[in-house]
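A short write-up of the structure that comes next.
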Amino acid sequence: MTTQSIKKQDADILRKEARQLLDEHRNTIRKQAEAMLSKSGTDLARMSGADIEKLLFEFQAHQIELELQNEELKRTHQELGASRDDFARIYDLSPVAYLTLNEHGIIKKANKAAAKLLDCSKEALVNRKLGRFIHPSDQDSYYFFIHDLLMEKNDQILNVKLGIKNSVAIHPACPGFTLIGCKRQFCSYNSQFTCVELRGNVNNNFNNDIQICLALQDITEYKYSQETISCLNEKLEQKIVEQTRALTESNLDLTRKIEELKYSKHQLCEREAKLNAIFNASIEGIITIDTSGFIQSTNTAVKTIFGYSEEELIGCSFNKLVPPWQIKKQGNDLQSYLQSKVGQIREVDGLRKDGSVVPLDISLVKFSIDGTTYFTGIVRDASLRKRQEQLEKDHLEELAHVSRICLVGEMGSGIAHEVNQPLTAIANYSQACLRFIGAKNPDLEELGDTLFKIHQQALKAGQIIHRMKDFVSPRKVFRADTDINSLIEDAVSLCATDVKQNNIRLELDLANNLPVVTIDNVQIEQVILNLIRNSIDALKDLPQKTQRQVLIKTHMKRLDQIEIKVNDSGSGIDEAQKDKILKPFFTTKPTGMGMGLSISRSIVEAHEGVLSFNSSPEDGTTFYFTLPVKR
Ligand code: ADP
């Protein structure tokens, strides 16, 4: 209950008590006066002086008492007046609207707040029916409210709209709509009208007339807030529902993704396990380093190759595995050096834990993880391959040696003829010398010339024998810068007798100014001899009248390659044999070994060249091979 309503009740109680006091006093005085009057007259005469004196004293005391009481009453009356004024002021000052109605609902009294609320002056309100200010839609509720108040005599509360319009407000929860136009289900309250809460009770006034006291509170804002809150609540609920749905969906999506991730993770783990197994089972060492050259990982094979365990290498510079001369080659810019080697397979030397050097084949790959670059080197211990290559080289060398001996055997008669010629000349010249000496006056000058010729022929024979010895004796392979044309001429001279004996025309078409080639002379001469010998064999059985011709040609095939061609006018190689002739031990000759071409091919390939041929019955056979020029 508000302070104002409490004060009003207090004033009512005071008024009641004052009225009761006045009534009681009036009755007492009346009774005393009547008693005194009844005693006066007859009795006074019979009364003694003392009694009369006593009675007078009583009257005087009463008189004073009455005057005192009268004073008291006056003061109470003044206090009541002041209290009533206070109450009236408070009544008017109160922000709560108060109305006093009679039993017909007619306004009998109103405070300022009520006048303001009902938009009417206090005076104009008096004697008007409050019902006229109530909105038509709430009229019924209002009359039931008044009826209940009068019948039940206890406090009643009612919320109604007044017929007075508000200024139009924008509903914050419904942007774009005014409250008047809001069609939302939860915006049923139309806030263009002032809404009030009526609290009322019934009592009787001084005149014992029934009066209805009403307190009116403007609850428009409150209602408006309630509407707004419920509007917002509904919106919020809708949003929550929507968001819950969205969350449920995204939750499902997440669950699905988690499942997928789990599956991928499982697959990744499996793959990692497989890769790890492969990584460690690999016979090739796999070393990963960062751009500064620090080792990040190694596999099991690295230990086999270098002798270091993974723990001994992780975090160390990879130079730990590189001999000093190799480190020098790397220079200062390691990353650029590594970058330039990516994608190539190279032969390098590695350094084992025991200090020994191991030949390696290495290939580099580059990759990045999270923006950090790494290089992975796959290293293979090339010792075995090197040993194998050496064995093959030795083997080839042995074979080539045997083949050369065979070749010399085949050319034996020709060579014998070659040696025989100077020997015959020596014999003839020496006979001539003897004759000169036996003469009377020997011509010493002529004798000297003849002896010089003997010397020349002896040297020639010696050279032939020496070259034969060189050709067939076991030797170390070594390469030297060579003029290929001279080498061809030397080889041709060894076959000259055979060529002549078989009535063959051998022609040379050698290009001028060829660059030198770095070759093993004996081996390449062996190839050329082999090809010439095969051509002679292909020509010697041809019918007599058929032209027998061998043409040896040299030219630059490319800027970095010389090509040597040996062509004969033979009947060519049988189509069915073309695939076989370069294979070892294939021969069509009764005394052939079938090793000449296969050894020749191996020698050419060892010199980084290629040996090939083409052949047809019309054009004969051409064998040709390339040699790289000296860089
Ligand atoms: P061999 O001379 O001991 O038979 P080769 O390896 O030198 O061994 O030659 C293999 C075979 O290739 C010869 O037997 C021959 O059939 C064939 N051949 C080689 N050169 C020629 C050629 N210029 N013309 C025809 N056939 C040839």
Side-chain angles (χ1 to χ4, degrees), residues 392 395-415 471-472 487-488 491-492 494-509 520 522-544 546-554 563-607 609-626:
E392 279 170 16
H395 188 61
L396 175 72
E397 190 44 36
E398 273 171 33
L399 275 176
H401 182 227
V402 173
S403 169
R404 279 198 298 276
I405 292 170
C406 293
L407 206 58
V408 170
E410 282 170 27
M411 298 189 302
S413 60
I415 293 164
F471 196 68
V472 294
L487 195 74
I488 290 169
V492 167
L494 281 178
C495 306
T497 313
D498 275 345
V499 169
K500 219 183 280 172
Q501 278 174 354
N502 290 294
N503 218 8
I504 294 167
R505 219 175 89 210
L506 193 148
E507 283 180 20
L508 298 179
D509 178 11
D520 183 289
V522 174
Q523 283 191 341
I524 295 300
E525 189 176 0
Q526 180 179 354
V527 174
I528 299 164
L529 272 175
N530 242 321
L531 299 181
I532 299 172
R533 288 279 335 147
N534 278 344
S535 288
I536 294 171
D537 287 343
L539 294 170
K540 69 180 178 191
D541 294 331
L542 288 179
Q544 276 299 319
T546 319
Q547 197 185 24
R548 300 174 182 183
Q549 193 175 335
V550 173
L551 174 65
I552 302 173
K553 195 176 170 180
T554 56
E563 189 172 60
I564 299 103
K565 285 183 176 179
V566 179
N567 166 262
D568 63 61
S569 58
S571 51
I573 302 165
D574 197 279
E575 206 56 45
Q577 292 168 353
K578 280 183 180 172
D579 285 348
K580 303 173 192 163
I581 59 164
L582 289 173
K583 291 187 178 147
F585 305 113
F586 177 81
T587 180
T588 54
K589 300 168 193 170
T591 54
M593 267 181 42
M595 287 303 294
L597 287 179
S598 74
I599 288 171
S600 295
R601 182 162 74 168
S602 302
I603 290 172
V604 170
E605 284 173 1
H607 283 78
V610 179
L611 173 85
S612 194
F613 70 93
N614 51 48
S615 174
S616 72
E618 302 81 40
D619 301 325
T621 303
T622 305
F623 277 87
Y624 48 92
F625 65 94
T626 56

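Because the structure is a prediction, the values reported are computed rather than measured. Order of listing sets the numbers, starting from 1, for every ligand and every atom in it.
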Requested in this report: Taking all non-hydrogen atoms of both residues into account, name the closest pair between Asp619 and Asn567 and its distance.
Outcome: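 Where Asp619 meets Asn567 most closely, the heavy atoms are O-ND2, 3.7 Å.
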Report summary line: What one should report as the nearest heavy-atom pair of Arg548 and Leu542 is NH2-O, 2.6 Å
Report task. Identify, chain by chain and in numerical order, each protein residue with a heavy atom under 4.0 Å from an atom of ligand 1. Result -> Asn534, Ala538, Asp568, Ile573, Ile581, Phe586, Thr587, Thr588, Lys589, Gly592, Met593, Gly594, Met595, Gly596, Leu597, Thr621, Phe623
Tell me which donor-acceptor pairs under 3.5 Å the side chains of residues 577-584 have, and how far apart each pair is, sequence neighbours excluded?
residue : atom : partner : partner atom : Å
Lys578  : NZ   : Glu575  : OE1          : 3.1
Lys578  : NZ   : Ser615  : O            : 2.9

Requested in this report: List in chain and number order the residues that pass salt bridge (charged side-chain N to carboxylate O under 4.0 Å, His left out) with Arg533, two or more places apart in sequence or in another chain; answer none if no residue qualifies.
Outcome: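 Expected list: Glu410, Asp498, Asp537.
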Query - Pairing residues for Ser403 by the side-chain hydrogen bond (donor to acceptor under 3.5 Å, both in side chains) criterion, not counting sequence neighbours - result: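 Scan of Ser403 (side-chain hydrogen bond (donor to acceptor under 3.5 Å, both in side chains), adjacent residues dropped) gives Gln526.
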Query raised in the report: Any chance NZ of Lys540 has more than 12 other-residue heavy atoms, nucleotides or ligands included, within less than 6.0 Å?
Result: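 Atom NZ in Lys540 is packed in, count exceeds 12.
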